[in-house]
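Written out below as structure tokens is the structure these notes cover.
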Amino acid sequence: MVGIIMGSTSDMPVMQAAIDVLEQLGIKTEVDIVSAHRTPDKLFDYGKNAHERGIQVIIAGAGGAAHLPGMIASLSPLPVIGVPVKSRNSIDGWDSVLSILQMPGGVPVATVALDGAQNAGILAAQILGASDEAVRNRIVDFKAGLKEKVIKGAASIKK
């Protein structure tokens, strides 16, 4: 199962792409709002206990100061994928990107592109697929579908 957390409901339109691709790949998700600054007790509980609830990978989306992914990574033994979200009070998203990307040694956060929740979902599935052949096979099929979409698109413009 993949835990998908975000700092506020305003992040949901971006994070929905991770939920959608994981659903397409047949992977269960648990979705929640966990604010690093407004609900620190909830953040600590989530980070310390997610693995005990069956979560295997955490995707954390955050905008602005974007402390959520790093703080979760500091508390959890699970792999964490950070999604920088371009929020309304953001500095073109760079504040979020750099906050998630520039982690100190010992606290890794895999970081995807600004608003790149779909790739976060795919990466989470690939992490699970490294030890689950059924998930890996679904990823192979998913990627074949991406290839087919490009081939069809190329054919359509040549007509």
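The residues of the chain are indexed from 1 along the displayed sequence.
- Every residue meeting the salt bridge (Lys or Arg N to Asp or Glu O under 4.0 Å) condition with Glu30, not counting sequence neighbours, appears here in chain and number order: Arg53.
- The side-chain heavy atoms of Lys143 and Glu148, taken from C-beta on, include no pair separated by under 4.5 Å.
- Cluster note: Leu78 groups with Met1, Ile5, Val34, Leu43, Phe44, Tyr46, Ile55, Ile58, Leu68, Met71, Ile72, Leu75, Val80, Ile100, Met103, Val107, Val109 through ILVMFWY side-chain heavy atoms spaced under 4.5 Å, whether in direct contact or through intervening members.
- When the side chains of ILVMFWY residues are joined at heavy-atom separations under 4.5 Å, either directly or via intervening members, Val31 and Ile27 end up in a single hydrophobic cluster.
- Transitive grouping of hydrophobic side chains (ILVMFWY, heavy atoms separated by less than 4.5 Å) keeps Val97 and Met15 in distinct clusters.
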Are Leu114 and Asp92 close enough, and set up right, to give a side chain to side chain contact (heavy atoms under 4.5 Å, CB included), and what steps lead you there? CA-CA 10 Å; Leu114 184 65; Asp92 282 338; over 6 Å; no

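- Closest approach of Gly64 to Ser87, counting heavy atoms only: N-OG, 3.4 Å.
- Distance check, rounded to the nearest 0.5 Å: NZ of Lys147 to NZ of Lys152 gives 13.5 Å.
- Using modelled atom types, no side-chain atom of Asp132 and backbone atom of Leu128 make a donor-acceptor pair closer than 3.5 Å.
- Among residues two or more places apart in sequence or in another chain, the side chain to side chain contact (heavy atoms under 4.5 Å, CB included) test is passed with Ile91 by Asp95.
- Between Leu25 atom CG and Ile122 atom CD1 the span is 7.5 Å, to the nearest 0.5 Å.
- Nearest heavy atom pair, residue Ser99 against residue Ala65, reads OG-O, 2.7 Å.
- Counting only N and O atoms by type, the side chains of Gln24 and Asp20 include no donor and acceptor under 3.5 Å apart.
- Val140 and Val150 are not part of a single hydrophobic cluster, where members link through side-chain heavy atoms under 4.5 Å apart.
- Tracing side-chain contacts under 4.5 Å through hydrophobic residues (I, L, V, M, F, W, Y), one never reaches Ile151 starting from Leu146; they form parts of separate clusters.
- Atoms CD1 and CD, on Ile19 and Glu23 in that order, are 9.0 Å from each other to the nearest 0.5 Å.
- Asp45 places no side-chain N or O within 3.5 Å of a backbone atom of Asp41 that could act as its donor or acceptor partner.
- The shortest non-hydrogen separation linking Val85 to Ser96 is O-OG, 3.1 Å.
- A continuous path of Ile, Leu, Val, Met, Phe, Trp and Tyr side chains, each step under 4.5 Å between heavy atoms, connects Ile127 with Phe142, placing both in one hydrophobic cluster.
- Contact record, Ala130 with Arg136: O-NH1, 3.5 Å, taken as the closest heavy-atom pair.
- Considering all non-hydrogen atoms of both residues, Lys42 and Asp32 come closest at NZ-OD1, 3.0 Å.
- Heavy-atom neighbours of Glu133 CD from other residues, nucleotides or ligands within 6.0 Å: at or below the threshold of 12.
- Atom-to-atom distance recorded for Met12:CE and Thr9:OG1 is 9.5 Å, nearest 0.5 angstrom.
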Please step through side chain to side chain contact (heavy atoms under 4.5 Å, CB included) for the pair Val83 and Asp115, ending with a clear verdict. CA-CA 6 Å; Val83 179; Asp115 291 345; 5.8 Å; no

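- Scanning all heavy atoms of the two residues, the minimum distance from Gly26 to Arg138 falls at O-NH2, 3.7 Å.
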Please report the C-alpha distance between Leu22 and Ile4 in whole Å, then the side-chain angles of each, then the deciding distance to 0.1 Å, and finally whether the side chain to side chain contact (heavy atoms under 4.5 Å, CB included) criterion is met. CA-CA 10 Å; Leu22 288 165; Ile4 299 175; 3.9 Å; yes

